[in-house]
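Heavy atoms only: backbone and side chains are in, while hydrogens, waters and symmetry mates are out. Labels below follow one simple rule: chain letters A, B, ... track the order of the sequence lines, proteins then strands, and each chain is numbered from 1. Every value quoted in this text rests on a predicted model; they were computed, and no experiment measured them.
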Protein chains: 2
Amino acid sequence: MFVRVNAALADRPHTLGDLGLPSESNPIVSLNEFTYRKGTEIYGEKEPAEYVYQVKVGAVRSYKLLSDGRRQIGAFHLAGDIFGLENGNTHRFTAEAVVDTTVRLIRRQSLETVAESDAMVARNLLRMTTKNLQHAEDHMLLLGRKTSLERVAAFLLEMDKRMRATEVMALPMSRRDIADYLGLTLETVSRALSRLHELGIIGFLGNTQRQIVLLDRPQLTSLDLQG
Amino acid sequence: MFVRVNAALADRPHTLGDLGLPSESNPIVSLNEFTYRKGTEIYGEKEPAEYVYQVKVGAVRSYKLLSDGRRQIGAFHLAGDIFGLENGNTHRFTAEAVVDTTVRLIRRQSLETVAESDAMVARNLLRMTTKNLQHAEDHMLLLGRKTSLERVAAFLLEMDKRMRATEVMALPMSRRDIADYLGLTLETVSRALSRLHELGIIGFLGNTQRQIVLLDRPQLTSLDLQG
DNA sequence: CGGGGGCTTGAGGCCACTCAACGATAGTGG
DNA sequence: CCACTATCGTTGAGTGGCCTCAAGCCCCCG
């Protein structure tokens, strides 16, 4: 199932070396691991940001809530992704495990200490923040101006690009999660997926509805209007 | 009018010193000024990013377009704000002067050179990028989950906070700009403002409809659901 | 004074939401 | 092994909030 796919992904040489840290067993920066069960909170919005995280296996959602329960997911973090990098003292999102998820942790404090002396680490910090910013900027366009079908098409293409699972894409998240990411309801997401299925653009595999095959990528791309 | 208000704002000790540069007349970094007429483009999306800008007087909008013309404004830049800080080689937005606008410019190249050696400049670069990210994250919540009235209320509070013009708030941008910032149509924005007026929450001044008084800030705040 | 841009307001339509029913699946405990 | 339940997803019917289209006002500016 999805676990196998994600495990394959985790085999990529993705370590916190992305931050420019010398190696996996760095004496300065402690690299602990922790596993969160499906649905559990990793940290809450406005909590002090003590750690920075990297997904080893699994998936994480970062979201904000309005007081009446409306939820906006800002990003999904998949294997290899680093999250919780706030550069303020508190987290700006709540982070939860979408499925059983193993993460690596670094103390934010030690990371900042290293960044202070190491220009390359500092540069990578900026590069990653910029990447997050770019994603948020693109997502604003989606949330502000795209139709439901365009949003779902964009979502599938994004996930396909990021998971790079050959052939079958095994989504870890529910329709509700997708909806809250795209600013829609779960019914609208379901209808859009059904429509893409009818049109022969995507296919479903197995009896869980989370395994998707992109049958007609050009068609999907044309639905996702970019610039 | 708005010019007077903005001029007052520009008097604040806001210089590119915000980036940690030694002083206004820095020998390394050239600080030129330039004035753009209302409606003219400062740079285009995907153009190489040669300069970073700071608004001296006026206002700027940064936006993305879909191929069919739908527009999403990602941010307004007011007096003192720095924009065009892309940290890639190309701009990710198009920037236009909302009104006649004077900006200061620095060559991105020289800025990066300074950042390379000066840790404080590098840190400020990261801090500013993080601030932009935070704004984008909050805006995703607005675009994905808030009602039209909530969006307009949030907009007025944001502008009030940023312009800090005592008593009267003189918006430089049109209803269409506001709409494209909030992911609405100009008619919906107009109706929401009329509604806030009826409710006695805001007042209009003069015969232009861009001078607004916040009569009941608590009420407005309660309309803008936060976390 | 004529023209045009910006804003408001009304009428009607549509896309996404709400509410609801139903099937399928997985996990639980008798 | 089989109810029993909870969760997830799909689909339908109807509603509603925002969009579309249109008219009209006001002000500014040439």
Could you tell me how far apart [X] ([atom1]) and [N] ([atom2]) are, to the nearest whole angstrom?
{"X": "B:Phe204", "N": "C:dG6", "atom1": "CZ", "atom2": "P", "result": "17 Å"}
{"X": "B:Arg175", "N": "D:dC27", "atom1": "CZ", "atom2": "P", "result": "14 Å"}
{"X": "A:Arg37", "N": "C:dG27", "atom1": "CZ", "atom2": "C1'", "result": "13 Å"}
{"X": "B:Ile212", "N": "C:dT8", "atom1": "CD1", "atom2": "P", "result": "9 Å"}
{"X": "B:Gln211", "N": "D:dC26", "atom1": "CD", "atom2": "P", "result": "19 Å"}
{"X": "B:Leu186", "N": "D:dC18", "atom1": "CG", "atom2": "P", "result": "15 Å"}
{"X": "A:Leu184", "N": "D:dG17", "atom1": "CG", "atom2": "C1'", "result": "15 Å"}
{"X": "A:Glu187", "N": "D:dA13", "atom1": "CD", "atom2": "P", "result": "15 Å"}

Could you grab the distance from atom CD1 of B:Ile178 to atom CE of B:Met159, nearest 0.5 Å is fine?
-> 8.0 Å
How long is the span from the CG atom in B:Asn132 to the CZ atom in B:Arg127, to the nearest 0.5 Å?
-> 10.5 Å
Do [X] and [Y] get their side chains close enough for a donor-acceptor pair, meaning under 3.5 Å?
{"X": "A:Glu50", "Y": "A:Tyr43", "result": "no"}
{"X": "A:Tyr51", "Y": "A:Arg107", "result": "yes"}
{"X": "B:His91", "Y": "B:Glu86", "result": "yes"}

Hey, does [Y] have a side-chain heavy atom less than 4.5 Å from the side chain of [X]?
{"X": "A:Asp177", "Y": "A:Leu171", "value": "no"}
{"X": "B:His197", "Y": "B:Gln209", "value": "no"}
{"X": "A:Phe76", "Y": "A:Arg61", "value": "yes"}

Mind checking if [X] touches a base, just sugar-phosphate, or nothing, with heavy atoms under 4.0 Å?
{"X": "A:Arg210", "answer": "sugar-phosphate"}
{"X": "B:Gly39", "answer": "nothing"}
{"X": "A:Gly206", "answer": "nothing"}

Closest to the 5' end of DNA chain C, once B:Arg145 and B:Arg176 are matched to their nearest nucleotides, is B:Arg176
Would you list the atom pairs, donor with acceptor, under 3.5 Å between side chains in residues 137-149 of chain B and any protein atom, with sequence neighbours excluded?
{"residue": "B:Glu137", "atom": "OE1", "partner": "A:Arg92", "partner atom": "NE", "Å": "2.6"}
{"residue": "B:Glu137", "atom": "OE1", "partner": "A:Arg92", "partner atom": "NH2", "Å": "3.3"}
{"residue": "B:Glu137", "atom": "OE2", "partner": "A:Arg92", "partner atom": "NH2", "Å": "3.3"}
{"residue": "B:Asp138", "atom": "OD1", "partner": "A:Lys64", "partner atom": "NZ", "Å": "3.3"}
{"residue": "B:His139", "atom": "NE2", "partner": "B:Tyr181", "partner atom": "O", "Å": "2.8"}
{"residue": "B:Arg145", "atom": "NE", "partner": "A:Arg71", "partner atom": "O", "Å": "2.9"}
{"residue": "B:Arg145", "atom": "NH1", "partner": "A:Leu184", "partner atom": "O", "Å": "3.4"}
{"residue": "B:Arg145", "atom": "NH2", "partner": "A:Ala179", "partner atom": "O", "Å": "3.3"}
{"residue": "B:Arg145", "atom": "NH2", "partner": "A:Asp180", "partner atom": "OD1", "Å": "2.7"}
{"residue": "B:Arg145", "atom": "NH2", "partner": "A:Leu184", "partner atom": "O", "Å": "2.7"}
{"residue": "B:Lys146", "atom": "NZ", "partner": "B:Asp224", "partner atom": "OD1", "Å": "2.9"}
{"residue": "B:Lys146", "atom": "NZ", "partner": "B:Leu225", "partner atom": "O", "Å": "3.2"}
{"residue": "B:Thr147", "atom": "OG1", "partner": "B:Glu150", "partner atom": "N", "Å": "3.3"}
{"residue": "B:Thr147", "atom": "OG1", "partner": "B:Glu150", "partner atom": "OE1", "Å": "3.4"}

Would you please confirm or rule out a distance under 4.0 Å between OP1 or OP2 of [N] and any side-chain N or O of [X]?
{"X": "A:Thr188", "N": "C:dA16", "value": "no"}
{"X": "A:Thr185", "N": "C:dA16", "value": "no"}
{"X": "B:Asn207", "N": "D:dC26", "value": "no"}

Could you tell me whether the side chain of B:Gln209 has a donor or acceptor atom within less than 3.5 Å of a complementary atom in the base of D:dC27?
-> no
Specify the angle, to 10°, made by the local axes at the two ends of the helix from C:dC1-D:dG30 to C:dG30-D:dC1 when five pairs are taken at each end.
-> 30°
DNA chain D-proximal residues of residues 190-198 of chain B, any heavy atom under 4.0 Å = B:Arg191
Does A:Pro172 offer a backbone N or O that forms a donor-acceptor pair with the side chain of A:Arg210 under 3.5 Å?
-> yes
